[in-house]
Protein chains: 2
Amino acid sequence: MAGRIPWQSDGEPPACPRLLLHSGATLLSQTVEYALRAATYLATSPDEPRTVDQIAEATLVPVAYLAKVMQALVRGGIVTSRRGVGGGFTLVRSPRELRILEIVQAVDPIQRITTCPLGLASHGTNLCPLHRRLDNALAAMEDAFSTTTLAEVLSEPSSSVPLCGFPGGKPAKSR
Amino acid sequence: MAGRIPWQSDGEPPACPRLLLHSGATLLSQTVEYALRAATYLATSPDEPRTVDQIAEATLVPVAYLAKVMQALVRGGIVTSRRGVGGGFTLVRSPRELRILEIVQAVDPIQRITTCPLGLASHGTNLCPLHRRLDNALAAMEDAFSTTTLAEVLSEPSSSVPLCGFPGGKPAKSR
DNA sequence: GGCAAAGCGGATGATAACGTCCATTATTGT
DNA sequence: ACAATAATGGACGTTATCATCCGCTTTGCC
């Protein structure tokens, strides 16, 4: 009964095997997308572990690659893994305490610009105005991610966002 | 006398031929970095055109690749180009009217998430909570870039940021 | 017209990101 | 002990990004 994620109805699996998030820009890496989907899915069943196959099926992420991403999450201390029958991945902390920034940092860390990227030692701790602006933008991104927990993502607190349900009422019919 | 950019002293050229902005994360693409440096440099001499070689030398960007980036800026309507002797690139609009977001969009557009990346038609115009958060972060980034003009980058209005000068006094000695 | 300066465009190569495959190891159940 | 399950790690293949090179065209100057 667990395993209901916001972007998925528990009816039939939708028919989009492969997908492409950003056609032109690279702002959010594919890997981050995958990690966030996986974590969101795991948050729906914090108690029992989920296998890579289960996660992949639910999140529409290529299985083999997801395995790599999950290992990154393990190394990052986001999830624990258990092998063998009944094994799988489980979130280490409760979704309420897990900020999505932590997931991002585990798989593809946002590197703030602390030093001049041109390598000029003379700049010391001071950034050029340009790179200060860029770093500000990174900070805004960090902030947007650090102020949101997985639990908040799961059940949208503000009721104005209809949780990706079906406004009309009908789930996506496959014909 | 134009050609002074915030991160460079007009003394000797610093000895960092190649550089690497982000070792782990891909948030800002290299191409965007290059484009912003070039635009910042061009803003120091809005009147007369600058050649690729001049820009490359000043911004420490690989010449051959910079040529490609400049072409993207031309196509994006950010700069104009003139061939032949005395030719080069010039900003189309004044630095005061040029938001750095426009430069970003010209070379590597930030694509907002307007539709469910999983391709579920059922979601319609509503985003899942997760992707709504991600899009919010993108919006924050966009906003950070759209509220800054090139002119503001060039001469930092707030005097607290010392414009990448040398605090101690000495430029980077090469030994 | 001829020559040099400079951008333009296509072809090619290097490196990292993305993705797959398979053997190995750990765990559970019989 | 044996077999089935599931994560782990390494090798490999594919694709996009970053980067270089070279021939072509346009422009200005003599």
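In what follows, chains are A, B, ... by sequence order, proteins preceding strands, each numbered from 1.
Within the structure, the salt bridge (Lys or Arg N to Asp or Glu O under 4.0 Å) test picks out the following pairs touching residues 135-147 of chain A (sequence neighbours left out): A/Arg112-A/Asp135, A/Arg112-A/Glu142. Among residues at least two apart or in separate chains, there is no side chain to side chain donor-acceptor pair (under 3.5 Å) pair with a member in residues 68-79 of chain B. For residues 76-105 of chain A, the set of pairs meeting the salt bridge (Lys or Arg N to Asp or Glu O under 4.0 Å) definition, not counting sequence neighbours, comprises A/Arg93-A/Glu102.
When distances run from any side-chain atom of A/Thr51 to the nucleotides D/dC18, D/dA6, C/dC18, the shortest one goes to D/dA6. Proximity note for A/Pro62 (side chain, C-beta onward) versus D/dA19, C/dC8, C/dG19: the nearest is C/dG19.
Between the CZ atom of B/Arg50 and the P atom of C/dA5 there is a distance of 18 Å, rounded to whole Å. The CD atom of A/Gln30 sits 15 Å away from the C1' atom of D/dT17 (whole-angstrom rounding). The separation between A/Ile55 atom CD1 and D/dA6 atom P is 12 Å, rounded to whole Å. Rounded to whole angstrom, the span from the CG atom of B/Leu66 across to the P atom of D/dT17 amounts to 18 Å. In this structure, CZ of B/Phe89 is placed 9 Å from C1' of C/dA6, rounded to the nearest angstrom. For the pair B/Leu28 CG and D/dT17 P, the interatomic distance rounds to 15 Å; values are reported in whole Å. Atom CG in B/Asp53 sits about 11 Å away from atom P in C/dA5, given to the nearest Å. What separates CZ of B/Arg37 from P of D/dC18 is a distance of 13 Å, to the nearest Å.
Taking B/Val92 as the reference, B/Thr80 meet the side-chain contact (heavy atoms from CB on, under 4.5 Å) condition, with sequence neighbours excluded. Partners of A/Val85 by side-chain contact (heavy atoms from CB on, under 4.5 Å), not counting sequence neighbours: none found. Under the rule for a side-chain contact (heavy atoms from CB on, under 4.5 Å), the partners of A/Ala35 that lie at least two apart in sequence or sit in another chain are A/Val69, A/Leu73, A/Ile103, A/Val107. In this structure, the side-chain contact (heavy atoms from CB on, under 4.5 Å) partners of A/Ala144, at least two apart in sequence or on a different chain, are B/Ala137.
For C/dC21, neither phosphate oxygen OP1 nor OP2 lies less than 4.0 angstrom from any side-chain nitrogen or oxygen of A/Tyr65. Residue A/Gln71 has a polar side-chain atom (N or O) positioned under 4.0 Å from OP1 or OP2 of D/dG9. Of the side-chain N and O atoms in B/Tyr34, one or more sit less than 4.0 angstrom from OP1 or OP2 of D/dA19.
Annotation: of the two residues near DNA chain C, B/Arg75 and A/Thr31, the 5′-most nearest-nucleotide partner is B/Arg75.
Below the 3.5 angstrom threshold, one finds no donor paired with an acceptor across the side chain of B/Lys68 and the base of C/dG7.
If you check the side chains of A/Asp108 and A/Ser29, you find a donor sitting under 3.5 Å from an acceptor.
Contact check of residues 78-86 of chain B against DNA chain D (heavy atom, cut-off under 4.0 Å) returns B/Arg82, B/Arg83, B/Gly84, B/Val85.
Expressed to the nearest 0.5 Å, how far OH of A/Tyr41 lies from CG of A/Leu154 amounts to 12.0 Å. One distance of note links CZ of A/Phe145 with CG of A/Leu28; it measures 5.0 Å at 0.5 Å rounding.
Where the helix from C/dG1-D/dC30 to C/dT30-D/dA1 starts and where it ends, the local axes point in directions that differ by 10°; five pairs per end, rounded to 10°.
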